[in-house]
Student: 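For reference, the structure I am asking about is given below.
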Amino acid sequence: MYQVARKLFFTDCQCADDASKTYDDLFAKLDTNKDGKVDVSELKAGLAAMGIKTGKGSAQKIISSGDKDKDDGLDFNEFSKYLKEHEKKLRLTFKSLDKNNDGRVDFMEIKQSLADLGMDISKEEAQKILHSIDVDGTMTLDWNEWREHFLFNPATNLQEIVRYWKHSTVLDIGESLSIPDEFTEEEKTTGIWWKQLSAGAMAGAVSRTGTAPLDRMKVFMQVHSSKSNKISLVGGFKQMVKEGGAASLWRGNGINVLKIAPETAIKFMAYEQFKKLLSSEPGKVKIHERFMAGSLAGASAQTVIYPMEVMKTRLTLRKTGQYSGMFDCAKQILRKEGLKAFYKGYVPNLLGIIPYAGIDLAVYESLKNLWLSRYAKDTANPGILVLLGCGTLSSTCGQLTSYPLALIRTRMQAQASLEGSEQLPMNVMVKKILQKEGFFGLYRGILPNFMKVIPAVSISYVVYENMRDSLGIQK
């Protein structure tokens, strides 16, 4: 049946009249109730009857894309216009894959195209992708095979993989050291990128506010907990509430939310510039170049907003009445300790970017490639549970690796505000912690830190999706 359908409907059209006739025949076949339009259920049923496989949600996406008069169906003009425009996009994608311009795509060209998007796959995996599209068994694809396979798949571009597999824009677990997400050229030219960043920033703000008590507990334990002064989770919360009431659990949250916008903007702009400087080929970024560009962008953003990081630690640890607000905190630090105080702990913070970003990227790319090679049959879209799972696991691994440096940074930021505390440099502080408390002394506060991961991921995702809907970003 599939072979008959292909011959009947997808022959290579020589002229506009032939194309129109082909679309006319196909429309008549799909419009089962003969009401002059094709709706989602007719499209699904018709394509299934012809043996044409479509990805989950593809039929709805096709109808939504072509339905200009918003009547939940495509009339013949909308139907043929959608297919013509879609074919044009498919032709461009095919040409970009066909590196040697011989009119055929082989597995090495598929491998190279994915490598250009920062995804390294094996020859076997590239052959597997090719085999799933190759109809005549030649292990190469011509234009007809490519068009037949993707004509009713709304994904038109290999960069769909990039679009589906975003995670730093979607997830906010309180740390901002991950490498920024890639945006496709289409997203950059249409302005969708700033809407996605705005949605991500709002998701981060709500997520951080929701998990602020656990974040304050983490900082509290990093600075005050030791072998001689053990602080339990319940005991710590009781102590905080007793000292400043329930509202004190959100101390430091205001500035933690406030720094999201400048940090995101600086990191994104710096990342784009560093990519251009470091890429060996214009417009193509390899995985190690992405890591270097992302790390440098993170360092640039941290350098600019670092005084806010110091203030966040001081405001989080403050006692009732110590500061009247953010500006008072800044004035007191400047008057008592000078300008240099705003960069206390800067070195361990900067050093922490490399293990965090490196592990996060390596784990995420490995999980992504594993899923794509094993389970990506009809679409590059992994589904929300896989995306959240991979993002959470990679970010958690990154945090685990860089946590000792984060603890040292926090203690250095807090030193001057603690009565009777020594002003120790980084190397001396590490030695002292290892001598007095052992290796696990560098992981004080890790429990509340991990406890906030699941709620932070859940909140940020729900808010991000709602913001996407509000800003009119298509899924």
Student: So, does Tyr443 use its side chain to make a donor-acceptor pair with the main chain of Leu400 at under 3.5 Å?
Tutor: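 Answer holds: yes.
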Student: Looking at Asp215 and Lys218, is there a salt bridge between them, counting it only when a charged N and a carboxylate O are closer than 4.0 Å?
Tutor: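 Counted as a salt bridge, because a side-chain N and a carboxylate O are separated by less than 4.0 Å.
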Student: Is a side-chain donor or acceptor of Ser395 paired with a backbone partner of Thr392 at a separation under 3.5 angstrom?
Tutor: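 Answer holds: no.
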Student: Does atom CG of Leu385 have more than 12 heavy-atom neighbours, drawn from other residues, nucleotides or ligands, at distances under 6.0 Å?
Tutor: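 Counting other residues, nucleotides and ligands, CG of Leu385 stays at 12 neighbours or fewer.
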Student: Determine whether the side chains of Gln302 and Asn349 contain a donor N or O and an acceptor N or O closer than 3.5 Å.
Tutor: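 Checked: Gln302/Asn349 side chains pair up, N/O donor to acceptor below 3.5 Å.
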Student: To the nearest 0.5 Å, what is the distance between OH on Tyr346 and OG1 on Thr303?
Tutor: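 Tyr346 OH to Thr303 OG1: 2.5 Å, rounded to 0.5 Å.
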Student: Quick one: does Asp75's side chain have a donor or acceptor within less than 3.5 Å of a partner on Lys37's backbone?
Tutor: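 No, Asp75 side chain to Lys37 backbone: no donor-acceptor pair under 3.5 Å.
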Student: Closest approach of Leu278 and Glu289, non-hydrogen atoms and distance?
Tutor: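 That would be O-OE2, 3.5 Å.
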Student: Under 3.5 Å, is there a donor-acceptor pair between the side chain of Gln399 and the main chain of Ser394?
Tutor: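 Not at all, since once roles are kept as given, no pair shorter than 3.5 Å links the two residues.
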Student: For the atom pair OG1 (Thr316) and CH2 (Trp250), what is the distance rounded to the nearest 0.5 Å?
Tutor: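 Rounded to the nearest 0.5 Å, the OG1-CH2 separation comes to 13.5 Å.
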Student: Contact between Gln196 and Tyr464 at the side-chain level, heavy atoms closer than 4.5 Å - yes or no?
Tutor: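 SC-SC contact between Gln196 and Tyr464 confirmed.
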Student: What closest approach, in Å, do Pro448 and Leu214 show between heavy atoms, and which atom pair accounts for it?
Tutor: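 Minimum heavy-atom separation between Pro448 and Leu214: CB-O, 3.7 Å.
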Student: Is it true that Thr140 and Asp106 share a donor-acceptor pair across their side chains at a distance under 3.5 Å?
Tutor: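 There is no such pair (donor and acceptor under 3.5 Å, judged by atom type) between the side chains of Asp106 and Thr140.
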Student: May I ask you to check whether Tyr403 and Gln222 show a side-chain donor-acceptor distance below 3.5 Å?
Tutor: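 A pair is found: one side chain offers a donor N or O, the other an acceptor, under 3.5 Å apart.
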Student: So which heavy atom on Glu263 is nearest to which on Ala301, and how close?
Tutor: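 Nearest pair, atom of Glu263 first, then Ala301: O-CB, 3.9 Å.
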Student: How far does CG of Leu351 sit from CG of Leu405, to the nearest 0.5 angstrom?
Tutor: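 Here the rounded value is 6.0 Å.
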Student: Is the closest basic N to carboxylate O distance between Glu272 and Lys275 below 4.0 Å?
Tutor: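 Salt bridge: yes.
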Student: Answer with yes or no whether the side chains of Gln413 and Tyr343 bring together a donor and an acceptor at under 3.5 Å.
Tutor: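 Their side chains do not contain a donor-acceptor pair, so the 3.5 Å distance test is not met.
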Student: Has the side chain of Arg409 got a donor or acceptor atom that lies under 3.5 Å from a matching backbone atom of Gly345?
Tutor: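 No, Arg409 side chain to Gly345 backbone: no donor-acceptor pair under 3.5 Å.
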Student: Using only atom types and a distance under 3.5 Å, with no angle test, would you say the side chain of Asp67 pairs donor to acceptor with the backbone of Asp71?
Tutor: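 Such a contact is found between Asp67 side chain and Asp71 backbone.
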Student: Would you say the side chain of Leu83 lies within less than 4.5 Å of the side chain of Leu26, judging by non-hydrogen atoms?
Tutor: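 Yes, side chains in contact.
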Student: Should the heavy atoms of other residues, nucleotides or ligands under 6.0 Å from CG of Asp72 be counted, would the total exceed 12?
Tutor: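 Atom CG in Asp72 is not packed in, count stays at 12 or less.
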Student: So, for Met217 and Leu233, which heavy atoms are closest and what is the spacing to 0.1 Å?
Tutor: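 Closest approach of Met217 to Leu233: CE-O, 3.5 Å.
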Student: Are there more than 12 heavy atoms of other residues, nucleotides or ligands under 6.0 Å from atom CE of Met467?
Tutor: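 Yes, CE of Met467 has more than 12 neighbouring heavy atoms, counting only those of other groups under 6.0 Å.
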Student: Using every non-hydrogen atom in the two residues, find where Ala203 and Ser460 come nearest and quote the distance to one decimal.
Tutor: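 Heavy-atom minimum between the residues: CB-O, 3.2 Å.
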Student: Got a donor-acceptor contact below 3.5 angstrom from the Glu42 side chain to the Asp39 backbone?
Tutor: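 Flag set: sc Glu42 to bb Asp39 pair under 3.5 Å.
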Student: Please examine the side chains of Met311 and Ile255, heavy atoms only from C-beta on, and report whether any two atoms are closer than 4.5 Å.
Tutor: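 Counting from C-beta outward, Ile255 and Met311 do come under 4.5 Å.
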Student: Ignoring hydrogens, what is the shortest heavy-atom contact between Asp142 and Arg104? Give both atom names and the distance.
Tutor: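 Heavy-atom minimum between the residues: CB-NH1, 3.6 Å.
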Student: Distance check, rounded to the nearest 0.5 Å: Ile305 atom CD1 versus Thr264 atom OG1?
Tutor: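 The distance works out to 9.5 Å.
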Student: Measure the spacing between OG1 of Thr401 and CD1 of Ile359 and express it to the nearest 0.5 Å.
Tutor: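 If I round to the nearest 0.5 Å, the distance is 4.5 Å.
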Student: So, Tyr271 and Ser300: side-chain donor and acceptor under 3.5 Å apart, yes or no?
Tutor: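 Note: Tyr271 and Ser300 side chains miss the donor-acceptor criterion.
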Student: Could you grab the distance from atom CD1 of Ile260 to atom CG of Leu258, nearest 0.5 Å is fine?
Tutor: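 Nearest 0.5 Å value for the CD1-CG distance: 9.0 Å.
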Student: Determine whether a donor-acceptor pair (N or O, by modelled atom type, separation under 3.5 Å) exists between the side chain of Asn256 and the backbone of Gly252.
Tutor: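 Checked: no pair found.
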